[in-house]
Asks: 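This is the structure I have questions about; it appears just below.
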Amino acid sequence: MPSAKIYYDADADLGLLGGKTIVFLGFGNQGAAQAQNLRDSGIPNEQILIANRPDSYAEDAKSKGFIVEHDFVKAAKLADVVFILIPDQVQPRIFNEQFAPNLKDNAAIVVASGYNVFFNLLTFKSTQDVTMVAPRMIGSSVRSLYVKGKGFPCFVSVEQDGTGNGLALALSLSRAIGATKAGAIASSVREETAMDLFAEQALWPNIITLFREGFSVLKEAGCSDEALCYEMWMSKEPAEIFERAAEDGFIHQLKHHSIVSQYGQLSGALALDGVAVREHFKNILYNQVLNGKFCGEFSKIEADLEKEGDANPLNQLYKKSEETELVQAEKRVRARLAGLL
Ligand code: NDP
(Lines give C-alpha, C1' and ligand atoms only; values in the text may rest on other atoms or scores of the structure.)
Protein backbone atom coordinates (compact mmCIF):
# COMPACT_ATOMS: atom_id res chain seq x y z
CA MET A 1 0.00 0.00 0.00
CA PRO A 2 1.62 3.34 -1.00
CA SER A 3 1.84 6.19 1.50
CA ALA A 4 -1.21 8.44 1.56
CA LYS A 5 -0.99 11.73 -0.30
CA ILE A 6 -1.05 14.77 1.97
CA TYR A 7 -2.51 18.07 0.75
CA TYR A 8 -1.31 21.42 2.07
CA ASP A 9 -2.53 25.02 1.72
CA ALA A 10 -0.38 25.43 -1.41
CA ASP A 11 -2.40 22.66 -3.14
CA ALA A 12 -5.67 24.53 -2.63
CA ASP A 13 -7.10 27.58 -4.38
CA LEU A 14 -9.51 29.60 -2.23
CA GLY A 15 -10.45 31.57 -5.35
CA LEU A 16 -12.65 28.65 -6.45
CA LEU A 17 -15.14 29.61 -3.74
CA GLY A 18 -15.68 33.11 -5.17
CA GLY A 19 -19.38 33.85 -5.60
CA LYS A 20 -20.50 30.42 -4.35
CA THR A 21 -23.25 30.10 -1.75
CA ILE A 22 -22.02 27.79 0.97
CA VAL A 23 -24.70 26.26 3.19
CA PHE A 24 -23.96 24.66 6.54
CA LEU A 25 -26.71 22.21 7.43
CA GLY A 26 -26.28 22.23 11.21
CA PHE A 27 -24.52 24.64 13.55
CA GLY A 28 -23.47 22.20 16.29
CA ASN A 29 -20.11 20.84 17.27
CA GLN A 30 -18.57 20.80 13.75
CA GLY A 31 -20.95 23.23 12.01
CA ALA A 32 -20.20 26.18 14.30
CA ALA A 33 -16.44 25.59 14.14
CA GLN A 34 -16.18 25.03 10.39
CA ALA A 35 -18.48 27.93 9.45
CA GLN A 36 -16.49 30.38 11.60
CA ASN A 37 -13.16 29.12 10.25
CA LEU A 38 -14.42 29.42 6.67
CA ARG A 39 -15.56 33.00 7.26
CA ASP A 40 -12.28 33.91 8.94
CA SER A 41 -10.47 32.52 5.88
CA GLY A 42 -11.97 35.38 3.92
CA ILE A 43 -15.21 33.93 2.55
CA PRO A 44 -17.71 36.83 2.76
CA ASN A 45 -20.50 36.41 5.30
CA GLU A 46 -23.12 37.00 2.57
CA GLN A 47 -21.96 33.80 0.85
CA ILE A 48 -22.50 31.69 3.97
CA LEU A 49 -25.93 30.43 5.01
CA ILE A 50 -26.65 28.44 8.15
CA ALA A 51 -29.60 26.04 7.74
CA ASN A 52 -31.00 25.26 11.17
CA ARG A 53 -34.34 24.80 12.90
CA PRO A 54 -35.38 27.83 14.98
CA ASP A 55 -33.76 27.03 18.34
CA SER A 56 -30.66 27.64 20.42
CA TYR A 57 -28.26 26.50 17.66
CA ALA A 58 -29.89 28.98 15.26
CA GLU A 59 -29.70 31.71 17.90
CA ASP A 60 -26.01 30.95 18.42
CA ALA A 61 -25.38 31.31 14.68
CA LYS A 62 -27.26 34.61 14.59
CA SER A 63 -25.36 35.91 17.61
CA LYS A 64 -22.14 35.23 15.71
CA GLY A 65 -23.40 37.33 12.81
CA PHE A 66 -24.35 34.53 10.40
CA ILE A 67 -27.39 34.59 8.10
CA VAL A 68 -29.72 31.78 9.18
CA GLU A 69 -32.39 30.04 7.10
CA HIS A 70 -34.93 27.84 8.90
CA ASP A 71 -36.54 26.59 5.70
CA PHE A 72 -34.29 23.76 4.45
CA VAL A 73 -35.92 23.65 1.02
CA LYS A 74 -35.05 27.33 0.47
CA ALA A 75 -31.49 26.78 1.71
CA ALA A 76 -31.03 23.78 -0.58
CA LYS A 77 -32.15 25.73 -3.65
CA LEU A 78 -29.55 28.43 -2.97
CA ALA A 79 -26.62 26.11 -2.21
CA ASP A 80 -23.62 25.69 -4.48
CA VAL A 81 -21.96 23.79 -1.63
CA VAL A 82 -23.64 22.11 1.33
CA PHE A 83 -21.74 20.88 4.36
CA ILE A 84 -23.87 18.19 6.06
CA LEU A 85 -23.08 18.74 9.72
CA ILE A 86 -26.02 17.27 11.61
CA PRO A 87 -25.74 13.97 13.52
CA ASP A 88 -25.06 10.97 11.26
CA GLN A 89 -28.21 9.10 12.24
CA VAL A 90 -30.57 11.91 11.17
CA GLN A 91 -28.76 12.81 7.92
CA PRO A 92 -30.57 10.35 5.61
CA ARG A 93 -34.02 11.54 6.68
CA ILE A 94 -33.28 15.30 6.65
CA PHE A 95 -30.96 15.41 3.64
CA ASN A 96 -32.84 13.01 1.38
CA GLU A 97 -36.25 14.52 2.04
CA GLN A 98 -35.52 18.24 2.22
CA PHE A 99 -32.17 18.88 0.57
CA ALA A 100 -31.52 16.31 -2.16
CA PRO A 101 -34.64 17.01 -4.29
CA ASN A 102 -33.94 20.76 -4.23
CA LEU A 103 -30.18 20.97 -4.78
CA LYS A 104 -28.68 22.30 -8.02
CA ASP A 105 -27.50 19.65 -10.49
CA ASN A 106 -23.88 20.77 -10.07
CA ALA A 107 -23.94 21.30 -6.29
CA ALA A 108 -21.12 19.99 -4.12
CA ILE A 109 -22.02 17.97 -1.04
CA VAL A 110 -19.51 17.71 1.80
CA VAL A 111 -19.71 15.16 4.62
CA ALA A 112 -17.52 15.09 7.73
CA SER A 113 -17.87 11.36 8.27
CA GLY A 114 -17.87 8.52 5.77
CA TYR A 115 -20.70 6.40 7.21
CA ASN A 116 -23.76 7.55 5.25
CA VAL A 117 -21.93 7.83 1.93
CA PHE A 118 -20.16 4.48 2.28
CA PHE A 119 -23.41 2.69 3.08
CA ASN A 120 -25.28 4.55 0.27
CA LEU A 121 -27.79 6.10 2.67
CA LEU A 122 -27.75 9.53 1.01
CA THR A 123 -29.23 10.37 -2.39
CA PHE A 124 -27.14 12.32 -4.91
CA LYS A 125 -27.44 13.16 -8.60
CA SER A 126 -24.59 11.79 -10.72
CA THR A 127 -23.78 15.36 -11.84
CA GLN A 128 -23.04 16.51 -8.28
CA ASP A 129 -19.71 16.39 -6.45
CA VAL A 130 -19.63 14.35 -3.25
CA THR A 131 -16.64 14.91 -1.03
CA MET A 132 -15.53 14.08 2.47
CA VAL A 133 -13.68 16.61 4.61
CA ALA A 134 -13.47 14.85 7.96
CA PRO A 135 -11.63 16.56 10.81
CA ARG A 136 -10.14 14.10 13.30
CA MET A 137 -10.94 16.45 16.17
CA ILE A 138 -13.95 17.67 18.07
CA GLY A 139 -15.40 20.97 16.86
CA SER A 140 -14.03 23.09 19.71
CA SER A 141 -10.49 21.99 18.78
CA VAL A 142 -11.16 22.58 15.06
CA ARG A 143 -11.98 26.16 16.03
CA SER A 144 -9.36 26.79 18.73
CA LEU A 145 -6.48 25.41 16.64
CA TYR A 146 -7.58 27.56 13.69
CA VAL A 147 -7.72 30.66 15.94
CA LYS A 148 -4.17 29.87 17.13
CA GLY A 149 -3.05 29.75 13.48
CA LYS A 150 -2.51 26.00 13.64
CA GLY A 151 -3.94 23.17 11.57
CA PHE A 152 -5.69 20.01 12.65
CA PRO A 153 -5.61 16.45 11.33
CA CYS A 154 -8.24 15.85 8.66
CA PHE A 155 -9.16 13.27 5.99
CA VAL A 156 -10.20 14.40 2.53
CA SER A 157 -11.64 12.48 -0.40
CA VAL A 158 -13.73 12.83 -3.53
CA GLU A 159 -16.35 10.10 -3.72
CA GLN A 160 -18.20 11.32 -6.80
CA ASP A 161 -16.68 13.78 -9.24
CA GLY A 162 -19.84 14.95 -10.98
CA THR A 163 -18.43 18.25 -12.22
CA GLY A 164 -14.91 17.02 -13.01
CA ASN A 165 -13.63 19.65 -10.60
CA GLY A 166 -14.42 17.79 -7.34
CA LEU A 167 -10.90 17.47 -5.97
CA ALA A 168 -9.96 21.12 -6.52
CA LEU A 169 -13.17 22.20 -4.82
CA ALA A 170 -12.73 19.75 -1.92
CA LEU A 171 -9.21 21.08 -1.34
CA SER A 172 -10.40 24.66 -1.52
CA LEU A 173 -13.09 23.94 1.09
CA SER A 174 -10.56 22.04 3.23
CA ARG A 175 -8.25 25.02 3.16
CA ALA A 176 -11.08 27.41 4.01
CA ILE A 177 -11.95 25.47 7.17
CA GLY A 178 -8.26 25.29 8.11
CA ALA A 179 -7.74 21.61 7.34
CA THR A 180 -4.82 21.85 4.91
CA LYS A 181 -2.63 23.96 7.19
CA ALA A 182 -1.13 20.93 8.94
CA GLY A 183 -1.81 18.67 5.95
CA ALA A 184 -5.05 16.91 4.99
CA ILE A 185 -4.61 13.19 4.39
CA ALA A 186 -6.11 11.68 1.22
CA SER A 187 -8.55 9.03 2.35
CA SER A 188 -11.94 7.58 1.39
CA VAL A 189 -15.30 7.00 3.00
CA ARG A 190 -14.47 3.28 3.06
CA GLU A 191 -11.22 3.85 4.95
CA GLU A 192 -12.75 6.37 7.36
CA THR A 193 -15.78 4.20 8.07
CA ALA A 194 -13.70 1.03 8.47
CA MET A 195 -11.37 2.68 10.99
CA ASP A 196 -14.10 4.52 12.88
CA LEU A 197 -16.46 1.57 13.26
CA PHE A 198 -13.59 -0.85 13.91
CA ALA A 199 -12.39 1.31 16.79
CA GLU A 200 -15.94 1.58 18.13
CA GLN A 201 -16.99 -2.03 17.65
CA ALA A 202 -13.77 -4.00 18.04
CA LEU A 203 -10.97 -2.09 19.74
CA TRP A 204 -12.84 -0.23 22.49
CA PRO A 205 -15.24 -3.05 23.39
CA ASN A 206 -12.14 -5.19 23.98
CA ILE A 207 -10.53 -2.48 26.08
CA ILE A 208 -13.72 -2.12 28.13
CA THR A 209 -13.78 -5.90 28.59
CA LEU A 210 -10.10 -6.01 29.63
CA PHE A 211 -10.71 -3.39 32.31
CA ARG A 212 -13.96 -5.02 33.49
CA GLU A 213 -12.42 -8.48 33.80
CA GLY A 214 -9.12 -7.16 35.18
CA PHE A 215 -11.07 -5.31 37.85
CA SER A 216 -12.93 -8.48 38.89
CA VAL A 217 -9.80 -10.64 39.01
CA LEU A 218 -7.91 -8.14 41.19
CA LYS A 219 -10.93 -7.64 43.43
CA GLU A 220 -11.21 -11.40 43.92
CA ALA A 221 -7.52 -11.34 44.89
CA GLY A 222 -8.33 -8.93 47.74
CA CYS A 223 -7.75 -5.48 46.23
CA SER A 224 -10.12 -2.75 47.44
CA ASP A 225 -12.54 -0.89 45.19
CA GLU A 226 -10.84 2.40 46.05
CA ALA A 227 -7.36 1.17 45.20
CA LEU A 228 -8.55 -0.45 41.97
CA CYS A 229 -10.45 2.58 40.68
CA TYR A 230 -7.45 4.82 41.27
CA GLU A 231 -4.90 2.36 39.99
CA MET A 232 -6.80 1.49 36.85
CA TRP A 233 -8.22 4.81 35.56
CA MET A 234 -9.13 7.51 38.09
CA SER A 235 -5.48 8.54 38.45
CA LYS A 236 -5.65 9.34 34.70
CA GLU A 237 -2.58 7.17 34.11
CA PRO A 238 -4.09 5.53 31.00
CA ALA A 239 -4.79 8.99 29.56
CA GLU A 240 -1.18 10.01 30.20
CA ILE A 241 0.12 6.84 28.56
CA PHE A 242 -1.83 7.57 25.39
CA GLU A 243 -0.73 11.19 25.42
CA ARG A 244 2.88 10.04 25.66
CA ALA A 245 2.26 7.47 22.92
CA ALA A 246 1.06 10.27 20.62
CA GLU A 247 4.09 12.41 21.46
CA ASP A 248 6.96 9.94 21.92
CA GLY A 249 5.82 6.81 20.09
CA PHE A 250 3.54 3.90 20.83
CA ILE A 251 6.29 1.71 22.33
CA HIS A 252 8.87 4.39 23.06
CA GLN A 253 6.57 5.97 25.68
CA LEU A 254 7.38 2.96 27.87
CA LYS A 255 10.72 4.61 28.64
CA HIS A 256 8.82 6.88 31.06
CA HIS A 257 7.97 3.83 33.19
CA SER A 258 10.17 1.95 35.67
CA ILE A 259 12.48 -0.78 34.40
CA VAL A 260 10.31 -3.39 36.12
CA SER A 261 7.28 -2.00 34.30
CA GLN A 262 9.06 -1.81 30.93
CA TYR A 263 10.29 -5.39 31.22
CA GLY A 264 6.88 -6.65 32.33
CA GLN A 265 4.97 -4.87 29.60
CA LEU A 266 7.26 -5.75 26.71
CA SER A 267 7.80 -9.38 27.66
CA GLY A 268 4.10 -9.80 28.47
CA ALA A 269 2.93 -8.37 25.16
CA LEU A 270 5.38 -10.44 23.14
CA ALA A 271 4.35 -13.61 24.97
CA LEU A 272 0.67 -13.18 24.16
CA ASP A 273 -0.60 -14.99 21.10
CA GLY A 274 -2.41 -12.44 18.94
CA VAL A 275 -3.84 -14.96 16.47
CA ALA A 276 -7.21 -15.39 18.19
CA VAL A 277 -7.57 -11.63 18.67
CA ARG A 278 -6.68 -11.02 15.03
CA GLU A 279 -9.34 -13.50 13.88
CA HIS A 280 -11.90 -11.91 16.19
CA PHE A 281 -11.01 -8.45 14.84
CA LYS A 282 -11.20 -9.61 11.22
CA ASN A 283 -14.59 -11.13 11.88
CA ILE A 284 -15.90 -7.82 13.19
CA LEU A 285 -14.32 -5.81 10.39
CA TYR A 286 -15.52 -7.96 7.49
CA ASN A 287 -18.68 -9.62 8.83
CA GLN A 288 -20.12 -6.77 10.86
CA VAL A 289 -18.67 -3.45 9.68
CA LEU A 290 -17.74 -3.56 5.98
CA ASN A 291 -20.56 -5.89 4.89
CA GLY A 292 -23.13 -3.41 6.26
CA LYS A 293 -24.55 -5.78 8.91
CA PHE A 294 -24.15 -3.26 11.73
CA CYS A 295 -25.46 -0.44 9.53
CA GLY A 296 -28.58 -2.44 8.66
CA GLU A 297 -29.23 -3.34 12.29
CA PHE A 298 -28.59 0.20 13.49
CA SER A 299 -31.01 1.65 10.89
CA LYS A 300 -33.77 -0.53 12.36
CA ILE A 301 -33.37 0.83 15.89
CA GLU A 302 -32.36 4.41 14.98
CA ALA A 303 -35.89 5.83 15.45
CA ASP A 304 -36.09 4.27 18.95
CA LEU A 305 -33.03 6.22 20.10
CA GLU A 306 -35.20 9.27 20.67
CA LYS A 307 -37.55 7.38 23.04
CA GLU A 308 -37.53 7.68 26.82
CA GLY A 309 -36.61 4.98 29.34
CA ASP A 310 -36.41 1.30 28.48
CA ALA A 311 -37.99 1.83 25.07
CA ASN A 312 -34.66 3.37 24.05
CA PRO A 313 -32.16 0.58 23.19
CA LEU A 314 -29.21 2.74 24.22
CA ASN A 315 -30.70 3.19 27.70
CA GLN A 316 -31.04 -0.58 27.95
CA LEU A 317 -27.36 -1.04 27.10
CA TYR A 318 -26.36 1.53 29.73
CA LYS A 319 -28.55 -0.20 32.31
CA LYS A 320 -26.95 -3.59 31.61
CA SER A 321 -23.42 -2.15 31.63
CA GLU A 322 -24.07 -0.44 34.94
CA GLU A 323 -24.83 -3.77 36.57
CA THR A 324 -21.18 -4.83 36.24
CA GLU A 325 -18.93 -5.10 39.28
CA LEU A 326 -16.63 -2.35 38.00
CA VAL A 327 -19.39 0.25 37.56
CA GLN A 328 -21.10 -0.58 40.85
CA ALA A 329 -17.80 -0.31 42.72
CA GLU A 330 -16.95 2.96 41.00
CA LYS A 331 -20.32 4.43 42.02
CA ARG A 332 -19.64 3.60 45.66
CA VAL A 333 -16.12 5.02 45.49
CA ARG A 334 -17.25 8.23 43.83
CA ALA A 335 -20.03 8.73 46.40
CA ARG A 336 -17.57 8.18 49.25
CA LEU A 337 -14.82 10.38 47.83
CA ALA A 338 -17.16 13.00 46.35
CA GLY A 339 -15.28 15.90 47.91
CA LEU A 340 -11.87 14.69 46.78
CA LEU A 341 -12.57 14.01 43.10
P1 NDP B 1 -23.98 17.83 16.49
O2 NDP B 1 -24.62 16.79 17.34
O3 NDP B 1 -23.18 18.88 17.16
O4 NDP B 1 -25.10 18.49 15.57
C5 NDP B 1 -25.93 19.41 16.07
C6 NDP B 1 -26.56 20.13 14.89
O7 NDP B 1 -27.42 19.23 14.19
C8 NDP B 1 -27.38 21.29 15.35
O9 NDP B 1 -27.32 22.31 14.38
C10 NDP B 1 -28.77 20.66 15.42
O11 NDP B 1 -29.74 21.64 15.31
C12 NDP B 1 -28.75 19.78 14.20
N13 NDP B 1 -29.73 18.69 14.30
C14 NDP B 1 -29.79 17.72 15.23
N15 NDP B 1 -30.84 16.91 15.02
C16 NDP B 1 -31.45 17.41 13.91
C17 NDP B 1 -32.60 17.04 13.19
N18 NDP B 1 -33.35 15.98 13.54
N19 NDP B 1 -32.95 17.78 12.12
C20 NDP B 1 -32.22 18.84 11.74
N21 NDP B 1 -31.11 19.25 12.39
C22 NDP B 1 -30.74 18.54 13.46
O23 NDP B 1 -23.17 17.10 15.31
P24 NDP B 1 -21.59 17.01 15.15
O25 NDP B 1 -21.08 18.35 14.78
O26 NDP B 1 -21.02 16.27 16.29
O27 NDP B 1 -21.50 16.05 13.89
C28 NDP B 1 -21.76 16.52 12.57
C29 NDP B 1 -20.98 15.66 11.60
O30 NDP B 1 -19.60 15.81 11.87
C31 NDP B 1 -21.29 14.17 11.70
O32 NDP B 1 -21.23 13.62 10.42
C33 NDP B 1 -20.14 13.65 12.54
O34 NDP B 1 -19.85 12.29 12.32
C35 NDP B 1 -19.01 14.53 12.03
N36 NDP B 1 -17.86 14.66 12.93
C37 NDP B 1 -18.08 14.92 14.26
C38 NDP B 1 -17.00 15.05 15.10
C39 NDP B 1 -17.20 15.37 16.53
O40 NDP B 1 -16.24 15.58 17.22
N41 NDP B 1 -18.44 15.43 17.04
C42 NDP B 1 -15.61 14.91 14.63
C43 NDP B 1 -15.50 14.77 13.21
C44 NDP B 1 -16.61 14.62 12.41
P45 NDP B 1 -31.23 21.44 15.86
O46 NDP B 1 -31.20 20.49 17.01
O47 NDP B 1 -31.63 22.81 16.19
O48 NDP B 1 -31.97 20.92 14.69
Side-chain angles (χ1 to χ4, degrees), residues 23-38 48-64 66-76 79 81-100 102 109-119 121-122 130-146 151-157 159 170 173-174 177-179 182 184-185 187-201 289 294-295 298-299 302-307 314:
V23 172
F24 285 84
L25 171 56
F27 198 75
N29 190 350
Q30 289 293 327
Q34 294 188 26
Q36 288 180 87
N37 289 2
L38 185 117
I48 307 169
L49 189 60
I50 308 297
N52 210 101
R53 297 185 290 195
D55 67 3
S56 58
Y57 290 104
E59 287 312 311
D60 184 31
K62 281 182 199 162
S63 76
K64 292 183 165 69
F66 286 106
I67 305 165
V68 177
E69 176 57 68
H70 303 311
D71 183 336
F72 291 175
V73 172
K74 264 192 200 163
V81 175
V82 55
F83 281 86
I84 309 182
L85 295 173
I86 57 177
D88 292 318
Q89 71 276 13
V90 299
Q91 288 179 12
R93 186 161 38 90
I94 303 296
F95 180 81
N96 291 345
E97 287 172 17
Q98 298 183 58
F99 263 77
N102 300 299
I109 296 114
V110 187
V111 289
S113 140
Y115 190 94
N116 286 316
V117 175
F118 180 62
F119 292 118
L121 298 177
L122 300 179
V130 180
T131 65
M132 176 179 72
V133 180
R136 312 316 293 159
M137 296 243 141
I138 57 169
S140 54
S141 302
V142 165
R143 180 62 183 154
S144 63
L145 285 165
Y146 181 91
F152 49 86
C154 185
F155 291 162
V156 62
S157 73
E159 301 296 328
L173 293 163
S174 301
I177 67 159
I185 299 167
S187 181
S188 66
V189 292
R190 181 185 186 275
E191 182 177 65
E192 201 268 346
T193 305
M195 292 192 305
D196 236 27
L197 296 194
F198 179 83
E200 293 160 8
Q201 295 173 36
V289 170
F294 170 84
C295 175
F298 187 77
S299 296
E302 185 256 307
D304 294 335
L305 295 173
E306 285 173 18
K307 293 185 178 161
L314 194 57

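Order of appearance sets the numbers: ligands from 1, and atoms from 1 within every ligand. Note that the structure is a prediction, hence the values are computed from the model and not measured.
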Asks: Between F83 and F24, does the ring centre distance come in under 6.0 Å?
Replies: yes

Asks: Test your reading of the model: is there a side-chain donor-acceptor pair from N96 to the backbone of P92, 3.5 Å cut-off?
Replies: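 Pair found, side chain donor or acceptor close to backbone of P92.
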
Asks: Going by the order shown, which atoms of ligand 1 are within less than 4.0 Å of some heavy atom of Q91?
Replies: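 Heavy-atom distances to Q91 below 4.0 Å select 31 (C), 32 (O).
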
Asks: Salt-bridged, D71 to R53, with N to O below 4.0 Å?
Replies: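 Here D71 does not pair with R53 in a salt bridge, since their nearest N and O are not under 4.0 Å apart.
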
Asks: Rounded to the nearest 0.5 Å, how far apart are CG of L49 and NZ of K74?
Replies: 10.5 Å

Asks: Using atom types as modelled and distance alone, determine if a side-chain donor or acceptor of Q98 lies under 3.5 Å from a backbone N or O of R93.
Replies: no

Asks: May I ask you to say whether E59 pairs ionically with K64, meaning some side-chain N is under 4.0 Å from a carboxylate O?
Replies: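 The answer is no: the pair does not qualify as a salt bridge.
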
Asks: Look at the side chain of S144 and the backbone N and O of S140, then say whether any donor-acceptor pair between them is shorter than 3.5 Å.
Replies: yes

Asks: Can R136 be said to touch ligand 1, with heavy atoms closer than 4.0 Å?
Replies: no

Asks: Could you list the atoms of ligand 1 found under 4.0 angstrom from a heavy atom of D55?
Replies: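 The list of qualifying atoms is 45 (P), 46 (O), 47 (O).
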
Asks: Look at ligand 1 and say whether A134 reaches it with a heavy atom at a distance under 4.0 Å.
Replies: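 No; A134 lies far enough from ligand 1 that no heavy-atom distance drops under 4.0 Å.
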
Asks: Considering non-hydrogen atoms only, spot the tightest contact between A51 and A75 and give its length.
Replies: CB-CB, 3.9 Å

Asks: Number the atoms of ligand 1 from 1 as they appear, then name those within less than 4.0 Å of a heavy atom of I94, with their elements.
Replies: 19 (N)

Asks: With heavy atoms of F27 as the reference, note each atom of ligand 1 found under 4.0 Å away.
Replies: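 In order of number, 8 (C), 9 (O).
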
Asks: Suppose we measure from atom 43 (C) of ligand 1 to each protein heavy atom; which comes out shortest, and what is that distance?
Replies: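 Sorting protein heavy atoms by distance from atom 43 (C) of ligand 1 puts P135 O, 3.2 Å first.
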
Asks: What protein heavy atom is closest to atom 5 (C) of ligand 1, reported as residue, atom name and distance in Å?
Replies: G28 CA, 3.7 Å

Asks: For ligand 1 and N52, I'd like to know whether there is a polar contact (N/O to N/O, distance under 3.5 Å).
Replies: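 N/O-N/O distance below 3.5 Å exists for this pair.
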
Asks: Keeping Q30 on the side-chain end and A112 on the backbone end, is there a donor-acceptor pair under 3.5 Å?
Replies: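 It does not hold such a pair.
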
Asks: Looking only at the aromatic ring of each residue, does the gap between the centers of F27 and F66 stay below 6.0 angstrom?
Replies: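 Yes, ring centres under 6.0 Å apart.
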
Asks: In the protein, which heavy atom is nearest to atom 35 (C) of ligand 1, and how far is it?
Replies: A112 CB, 3.8 Å

Asks: In the protein, what heavy atom is nearest to atom 12 (C) of ligand 1, and what distance, to one decimal place, separates them?
Replies: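 For atom 12 (C) of ligand 1, the nearest protein heavy atom is I86 CG2, 3.6 Å.
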
Asks: Sub-3.5 Å donor-acceptor pair from the side chain of N52 to the main-chain atoms of V68, do we have one?
Replies: no

Asks: Counting both backbone and side chain atoms, is some N or O of R53 under 3.5 Å from an N or O of ligand 1?
Replies: yes

Asks: Using a 4.0 Å cut-off to any heavy atom of D88, which atoms of ligand 1 qualify?
Replies: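 What qualifies from ligand 1 is 31 (C), 32 (O), 33 (C), 34 (O).
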
Asks: Report the part of I138 (side chain from C-beta onward, or backbone N, CA, C, O) that has a heavy atom under 4.0 Å from ligand 1; answer both or neither where that applies.
Replies: both

Asks: Strictly distance-based, threshold 3.5 Å: is any side-chain N or O of E192 a donor or acceptor partner for the main-chain N or O of G114?
Replies: yes

Asks: Counting non-hydrogen protein atoms only, what is the nearest one to atom 37 (C) of ligand 1? Give residue, atom name and distance.
Replies: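 For atom 37 (C) of ligand 1, the nearest protein heavy atom is Q30 CG, 3.6 Å.
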
Asks: At a 4.0 Å threshold, what atoms of ligand 1 neighbour a non-hydrogen atom of G26?
Replies: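 Going through ligand 1 atom by atom, the ones under 4.0 Å from G26 are 9 (O).
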
Asks: Would you mind finding which of P87, A51, G31, A58 brings a heavy atom closest to atom 13 (N) of ligand 1?
Replies: P87

Asks: Please could you name the atoms of ligand 1 that S113 approaches to less than 4.0 Å, counting only its heavy atoms?
Replies: 32 (O), 34 (O)

Asks: Which atoms of ligand 1 are found less than 4.0 Å from any heavy atom of N29?
Replies: 3 (O), 24 (P), 25 (O), 26 (O), 39 (C), 40 (O), 41 (N)

